[in-house]
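This is a predicted model, so every value here is computed, not measured.
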Amino acid sequence: MGRMKLRSGIKAIEEEPPDEMESNTNRASLACMINAEVAAVLAIMRRNVRWGGQYMAGDDLLEHPLIQSLKALRRQIFSWEQHQWYVINPILYLQPFLDVIRSEDTTAPITVVALASVYKILSLDMFDLSTVNVDGAMRSVVETVTSCRFEVSDPASEEAVLMKILQVLLVCMKSKVSSMLSNQHVLTIVNTCFRIVHQAGTKGELLQRISRYTMQELVQCIFSHLPNVVEEYQPDQCLVNGGGPFAKSERGGLEKDHALRVKQLDNGNIHDGLSAKTSDDIPVATVVSLNGPMASSDTDQTLEPYGIPCMVEIFHFLCSLLNAAELIEMGPRMNQITYDEDVPLFALGLINSVIELGGSSISRHPKLLSLVQDELFRNLMQFGLSMSPLILSMVCSIVLNLYHHLLAQLKLQFEAFFSCVILRLAQSRYGASYQQQEVAMEALVDFCRQKAFIKEMYANFDCDITCSNVFEELTNLLSKSAFPVKCPLSTMHLLALEGLISVIQDMVERAGNSSSPIYDRAAVKIEEYSPFWMVKCENYSDPDHWIQFVRRRKNIKRRLMIGADHFNHDPKKGLKFLQAIHLLPEKLDPQSVACFFRYTAGLDKNLVGDFLGNHDEFCIQVLHEFVRTFDFQDMNLDTALRLFLETFRLPGESQKIQRVLEAFSERYYEQSPQILANKDAALLLSYSLILLNTDQHNVQVKKKMTEEDFIRNNRLINDGSDLPRDFLSELYHSICQNEIRTIPEQGAGFAEMTPSRWVDLMCKSRQTTPFLTCGSGAHLDREMFAIMSGPTIAAISVVFDNAEHEEVFRMCNEGFHAISKISACHHLEDVLDDLVVSLCKFTTLLNPSSIDEPVMAFGDDAKARMATETVFTITNGYGDYIRTGWRNILDCILRLHKLGLLPARVVSGAADDAESPTPPSSTTTSSSETTHSGRPVLATSALGSVPQHVPAVAMGTPRKSSGLMGRFSQLLSLDAEEPRTQPTRQQLAAHQRAIQTIQKCHIDSIFTESKFLHADSLLHLTKALINAASRSQRGSMGHHSPEDEDTAVFCLELLIAITLNNRDRIRVLWNDVIAHISNIIKTTMMPCTLVERAVFGLLRICQRLLPYKENLAEDLVMSLQLVLKLDARVADAYCENITVEVARLVKANADLIRSNSGWKMIISLLSVTSRHLEASEPGFEALEFIITDGGGRHLTPDTYKLALEVARQFAISPVVPLERSVRALDLMEGSATCIARWVTELGEGENEEFGNYWVQLMMGLKNFCLDQREDVHNHAVTCLQRCAVNVHGVTLRPSSWMQIFDPVLFCLLDELLDIATGHSSKDYRNMEGMLLQAMKLLSKAFLHWLKEMMVVGGGGGRGGGVLRKVWLGVLGRMEKYMKAKVRGKRSERLQELVPELLKNMVLVMKANGLLVKRAAAIRGDSLWELTWLHIRNIAPLLQSEVFPNMEENQSSVEGIAPAVAVTLGETAVAALGEVE
């Protein structure tokens, strides 16, 4: 039998340490103490006449035996001094006192003194476990005190006796020898104390308080030993008379017996042997006892030290008090309200003590655990709905203790308690009073404060298809209860808010303590069918197993809910949907469909009933499988029928009803065949119960069926015999009192816990999955928070909005921070966005600006300032996980910018300028201009920035003007003529508070630290900036508002700063940034700050990023084409600065520009600058750098033509100074080195195409030879000459030679001649000189290229034909120039120069054998004849000078021709030198 382990050190509660008695008190003092107690009893007895004299016994005069025994003790007591007290039998000195207490003749005062003596002896611990017969002595004391008898003389003396009895019994249990008491004696002590408690209800208040205190102390003393009990209590053991404490007869008749006896109680016996006789000798009544009277003879079993048996009996008794509380009648002096609460509160208080002391040890003892699971929790469910807040509060305290100690053993009980008690009471719609709602909410908040409560609710209930969504319902309740609907904030609202914040704070703590990664977005997929109701966990102690198990079950439950919705719309389609998601097999089987109906919440019960009652064979099979999911073991028929019919609506057709009831009856008879003979009997009786239910609860039935009618209707249905009358009577009364609902409620909220549902719950508790203890991990928090985040944010936001006290503000603020941290830890970006959006509304920065002094209003609004600080704290801390919320954040920043509250470093510190050189003056910063991370902020910012000018402004007024950089601190200033009022102290303080709040926000860090943002967040931030700028840009275009333009510029600068800060991942931003800048450039028609910032921002991006992003160089350079799309007015306004920056870009990054398209783009930009006086100089320098740097290494054949054309534009531009035009000609002429380089790189035979470039260069220079400016003309001729003779290695096709001479040189000479002979010659100062230079140029070019023309074709091939045409063209121009008149007369200088040049050319040709008279030539067509034909018109005597002897010259020429040909080039050079 379970009992205390005496050797384990278990000691009774005591005030002194268990030392030897003689160490504290000597033997003499103890003897004196006992002597004094004897004297006190004798003294009080002598005061009564009855004890003052002697009485006759035969012939002797004798004293009363009670007095004799006391005097005998006085004579013996001092003789025991020589012995140790532990060897003296305590009965010897206790018995005289016990006799007085037991005597019926003693009065109350005498009994009080005797009880006091016993109390004193026991409290001094005069004996211990080693004392002789200590067990017998303790039992005698208990038996005597509990059988105390006395005469009542007055109420006061009676109460005194009862209080002393309580003291003695309590000291017995607290004594260190109390472990020697048996189970029955302990039960007797408790029983006696309870009787006194019950009787004290009609006595004085002092007795009531002492009796209840004693009862509390007894229970605590007994159950404090429960953790030390080492043996299990065996169910078959009993206490007395062979009757166990849990016999069915006792359980069944407890309440009735209790009620019967308490009705008789008024002023009677304490126990069967304990009485208080009144003067009228009123008969004594009895009250309910823990067990029957003690056995007359002690057995070994009853003499064992007390342990589990008495604890089980006491606990059962305490639970039964709750059952009997409603049946106890009031006394005449009892208050109705007080009494209604009194007994339940007393019993609940004792039960709470048992739970507190027993703790988890209760789970080791099956009988105690069974009482907690069934009887106790059933009563707690009943009293939880009590109208008394005191009772409800005590019930919730007990449940909280059970949660801590026995949670794993009470899984379904807790689900029922939360669903049927807490959730029902906390909502006003179920009729609960405000006090009930408040107590229920306080209890719920207490549960939420437990670390793992919410997580365990989610894992064990929300993820179980057979359980309700407790977690979701509780969090929804908290969220809804925090909403103040058309009323101010109350205690209830704040309680709910506290509960919500406790839940999320626990999640934050778990996230912070988690050592392993907690972000796991991998979804549990169901790829094939498996019975969803049979999902098992391999190892409940291993998180790796049970976490996946829980997630799988939750996924199944979620899908079942979706399937239920489909089924409710169309059953066939619903089943097909379930097949598609692998919750039902491809080929439907009855069991899977039956389990879907049984375990899926939210199904339309009408449709389920119709399906189950259908005559289709498959539906019948489903019906039979459906009833097999019920457990009707040892269940009454009406209870089983109630549970069965709660799951669907019974069909209206009789045939369907019969099929359903037949299946039910078969299953019921299979599991509970005790009374019924066969399943037919079960069917008939079920039909009868349904008919009775309709008869009793249908208002249209006027004449109701009586009990006799019901019994008569069910005769002979049990296989030809009658069912027991008591059985039928019980069924009849059950149906009459509690209707069977054949039309179940459809989603009516939280169901009431009925007896039948409780029976079903107990059956399910034996089969449910083990309770999961989740620990401190954060594995399921993501799923949980995703469910509760929306309502939680809304609830906290509403409270924050309606709050007026700073303490509530702080509480909400803690909630906001906790939500942000959880969202970030679990990567719930949408939740964080919702939070940011909600918070931004409270900043008041997004409200329409209708306040005269918005800065003052902001400074005075503590809520707005706290919300603002919270928004930006969250942004700085968890910006990686913000997505759409960036828009609201930027709207707040823009509003602060308009109000002039943003510090100047927001943009100036946003871009990391450390990489670019900065003037010394701009790098010095004050201590106030540093970021919160400690890094200095540069005073200069964007490209082309201007100094800040901060005018004196009126404090607290928004800014209107849009300066380039002064916008960050500029405020609205009134007109100078208007008088300005000085701000008051309150205004100054409000403004200071606003400034301090913004400083705490560290807004600049959002942009300076943007380089650390996740790519997705950075992209959303960029798009938000672009959208904000676009909105402002559209506004400025439509209304020309300076504020809108200022906002657009501000956004653009932030965008550029972010772009520069994120150069390592510019690819993420590039497309959006360039699109925005492009939009600004294309849509702006007039010069303004916005387009200026866009253009120079683009240039700055290119300058900063080109050195680091070679793979993006092409895109960066090509982006400059946007500059070409500027409106002409805009381009003119900023052309000079644009050109300067482009030139700087080219010079610094020329080696990084490798594409032809890039160079074409840059050269095209430079071409525009030739038309602008201010921009032409930097533009020309850039072009000069491109063409000359490294011998033109930046030019390619594809870009050469464009560069040549741009140089030509600079040379011809009227706004370009003369000196720069000359430099442009040099630049054109110098570009010939590029052609030479390309020829060298390609080698011989592959450079013919470059001859065309050379020809184009010549044609370009030729045009400037006609320039009216003398310096330009002269320099162009010189350049053309050098270009014509200094390009070596270029292979020209015959057609190219004609292109050199015909369209270039010949055309030049022809045009000059036309000018000279025409009226336009007046525009040229030195026309004659121009003609002379042109003629010299022609001669030099011919002699230079004569060799190449000879080598290609000699005199008769294709090349020879070209030579012939060129030579004849030369002769023709010389002939014209000999005849030309300049200003009406022939030029003497030309008359001298032309023959001389001709003579040199003829000599060279003669030397090369080109002028030879050939006899075979056709007359009139030979080169010889054609040559001399022209020469005769120019210099008639030249032939005789050159060929004095034609025959000799002919032979000599043929002999020396090869040698002369070799030296032709040298001769030509010499001839050119002579001409010069």
Taking only residues two or more places apart in sequence, or in another chain, which ones meet [X] in a side chain to side chain contact (heavy atoms under 4.5 Å, CB included)?
X: V1123; answer: V1095, L1126, I1138, L1165
X: N1071; answer: none
X: E1114; answer: M1118, S1155, S1157

Partner set under salt bridge (charged side-chain N to carboxylate O under 4.0 Å, His left out) for D830, not counting sequence neighbours: none

For a quick test of reading the model, state the closest non-hydrogen atom pair linking I1026 to D1072 and the distance between them. CD1-O, 3.3 Å

Nearest heavy atoms of I1153 and G1158, plus distance in Å: CG2-C, 4.2 Å

Name all residues meeting the ring-ring contact (aromatic ring centres under 6.0 Å, His included) criterion together with [X]; count only those two or more places apart in sequence or in a different chain, and write none if there are none.
X: W886; answer: none
X: F842; answer: F800
X: F872; answer: none

Under a plain distance cut-off of 3.5 Å, with no hydrogens placed, do S797 and S838 share a side-chain donor-acceptor pair? yes

Among all residues two or more places apart in sequence or in another chain, which pass the side-chain hydrogen bond (donor to acceptor under 3.5 Å, both in side chains) test with [X]?
X: D1151; value: R1193
X: T1139; value: none
X: D860; value: R993
X: T873; value: none

Is it true that R810 and E807 have a side-chain N and a carboxylate O under 4.0 angstrom from each other?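 No, this pair does not count.
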
Any pair counted as side chain to side chain donor-acceptor pair (under 3.5 Å), so long as it reaches residues 1115-1125, sequence neighbours left out: R1067-D1115

Take Q987 and E853, measure what side chain to side chain contact (heavy atoms under 4.5 Å, CB included) needs, and give me the verdict at the end. CA-CA 10 Å; Q987 290 176 330; E853 295 183 349; 3.3 Å; yes

